[in-house]
Amino acid sequence: MEIGLFVGFLGFFFTAIVLVIIFLYLYAIVTPYDDYKLIFEDNNLAASLGFGGAIIGVSIPLYSALVHSVSYLDFAIWGAIAILIQLVFAFIVTRLNGKYSFKTKISNGVISVGILMAFLSISIGLLNAGSMSY
């Protein structure tokens, strides 16, 4: 194996990891509840499921950006766009009020709502990724 190819792999791979870490940080800011407290201190399964779905949801379009990009810069730009789309989705969904309030239900540990949040995040990720297959 050529060393240049391996270095290229490392560049793309670690950039993707950094993008996921940035997403995790921003996702916790965008949601109106404290994801990390709910998961790590309160053992809130609903929050964990929703957060896990968000991670998968952002990883899918990042994968698509990796596969379809023509350069490192192209990947970085499409990766940032993927993150933005997922964050906008999370912001909107978690701001619903009334009986469909994700904020209230997830904070209260309603597992079915956590699962729904996960599936919605994954679905948006799939649509996001499919839109990048130019």
Side-chain angles (χ1 to χ4, degrees):
M1 175 168 65
E2 187 179 321
I3 192 72
L5 293 175
F6 184 67
V7 170
F9 159 78
L10 289 176
F12 279 90
F13 180 74
F14 284 114
T15 300
I17 295 295
V18 166
L19 288 172
V20 170
I21 291 169
I22 290 169
F23 172 78
L24 296 176
Y25 175 76
L26 294 174
Y27 184 86
I29 291 171
V30 164
T31 56
Y33 40 83
D34 187 342
D35 293 282
Y36 293 106
K37 180 184 179 304
L38 290 173
I39 294 166
F40 291 103
E41 294 177 24
D42 300 342
N43 295 317
N44 185 315
L45 183 57
S48 182
L49 288 165
F51 199 69
I55 295 168
I56 295 170
V58 78
S59 295
I60 294 168
L62 287 177
Y63 167 80
S64 182
L66 281 166
V67 170
H68 295 102
S69 294
V70 295
S71 69
Y72 178 81
L73 180 60
D74 189 44
F75 163 65
I77 291 169
W78 282 108
I81 291 169
I83 289 172
L84 179 65
I85 297 296
Q86 296 298 120
L87 290 173
V88 167
F89 162 76
F91 180 84
I92 292 169
V93 168
T94 58
R95 295 311 188 276
L96 296 174
N97 289 315
K99 71 179 192 176
Y100 301 114
S101 171
F102 279 75
K103 176 185 175 183
T104 303
K105 302 286 187 188
I106 288 177
S107 294
N108 290 334
V110 179
I111 294 170
S112 59
V113 176
I115 293 170
L116 178 60
M117 183 67 178
F119 287 169
L120 289 171
S121 295
I122 293 166
S123 296
I124 293 298
L126 285 167
L127 296 173
N128 193 354
S131 300
M132 290 182 191
S133 14
Y134 41 87

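Any value given below was found using the heavy atoms of this structure, including those in side chains, with hydrogens, waters and symmetry copies removed.
Considering only residues two or more places apart in sequence or on other chains, Asp34 meets the salt bridge (charged side-chain N to carboxylate O under 4.0 Å, His left out) condition with none of them.
Among pairs with a residue in residues 32-62, those fulfilling ring pair (Phe, Tyr, Trp, His ring centres under 6.0 Å) read Tyr27-Phe51, Tyr36-Phe51, at least two apart in sequence or across chains.
Between atom CG of residue Asn44 and atom NZ of residue Lys37 there is a gap of 9.5 Å, rounded to the nearest 0.5 Å. Taking CD1 of Ile60 as the reference point, atom CD1 of Ile55 lies at 12.0 Å (rounded to 0.5 Å). Atom CD1 of residue Ile83 and atom CG of residue Leu19 lie 4.5 Å apart, to the nearest 0.5 angstrom. In this structure, CG on Leu10 lies 8.5 Å from CD1 on Ile3, to the nearest 0.5 angstrom. Atom CG of Leu38 and atom CG of Asn43 lie 10.5 Å apart (nearest 0.5 Å). Within the model, atoms OG of Ser121 and CD1 of Ile56 stand 9.5 Å from one another, a figure rounded to the nearest 0.5 Å.
Between Pro61 and Met132, the closest heavy-atom pair is O-SD, 3.6 Å. Listed here is the closest heavy atom pair of Trp78 and Ala65: CB-CB, 3.8 Å. Closest of all the heavy-atom pairs between Lys105 and Lys99 is CE-O, 3.4 Å. Smallest separation of non-hydrogen atoms from Leu87 and Val30: O-CG1, 3.5 Å. Phe75 and Leu62 make their closest contact through CE1-O, 3.8 Å (heavy atoms, listed as atom of the first residue, atom of the second, distance). Annotation for Leu66 and Ala16: closest pair CD1-CB, 4.3 Å, computed over non-hydrogen atoms.
Under a hydrophobic clustering in which Ile, Leu, Val, Met, Phe, Trp and Tyr are joined whenever their side-chain heavy atoms come within less than 4.5 Å, directly or via other members, Leu126 and Val93 fall into different clusters. A continuous path of hydrophobic side-chain contacts links Phe89 to Ile22 [ILVMFWY only; heavy atoms under 4.5 Å].
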Stepwise side chain to side chain contact (heavy atoms under 4.5 Å, CB included) check, Ile39 with Ser48:
CA-CA 6 Å; Ile39 294 166; Ser48 182; 4.1 Å; yes
Met117 vs Thr94, test: side chain to side chain contact (heavy atoms under 4.5 Å, CB included). Steps then yes/no.
CA-CA 9 Å; Met117 183 67 178; Thr94 58; 3.9 Å; yes
Go through it in stages, so that I can follow the logic: the residues are Leu49 and Ile111, the test is side chain to side chain contact (heavy atoms under 4.5 Å, CB included), and I'd like the CA-CA distance, side-chain angles, deciding distance and then a yes or no.
CA-CA 8 Å; Leu49 288 165; Ile111 294 170; 3.7 Å; yes
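A heavy-atom distance below 4.5 Å is found between the side chains of Leu120 and Phe102. Within the 4.5 Å cutoff, the side chain of Phe119 has no heavy atoms near those of the Ile124 side chain.
Of the N and O atoms on the side chains of Thr31 and Asp35, at least one donor lies less than 3.5 Å from an acceptor on the other residue.
By the 30° and 60° cut-offs, the orientation of the rings of Tyr72 relative to Phe12 is perpendicular.
Checking side-chain atoms of Asn128 against main-chain N and O of Val58 turns up no donor-acceptor pair under 3.5 Å. Proximity of a side-chain donor or acceptor of Asn108 to a complementary backbone N or O of Val110 within less than 3.5 Å is not detected.
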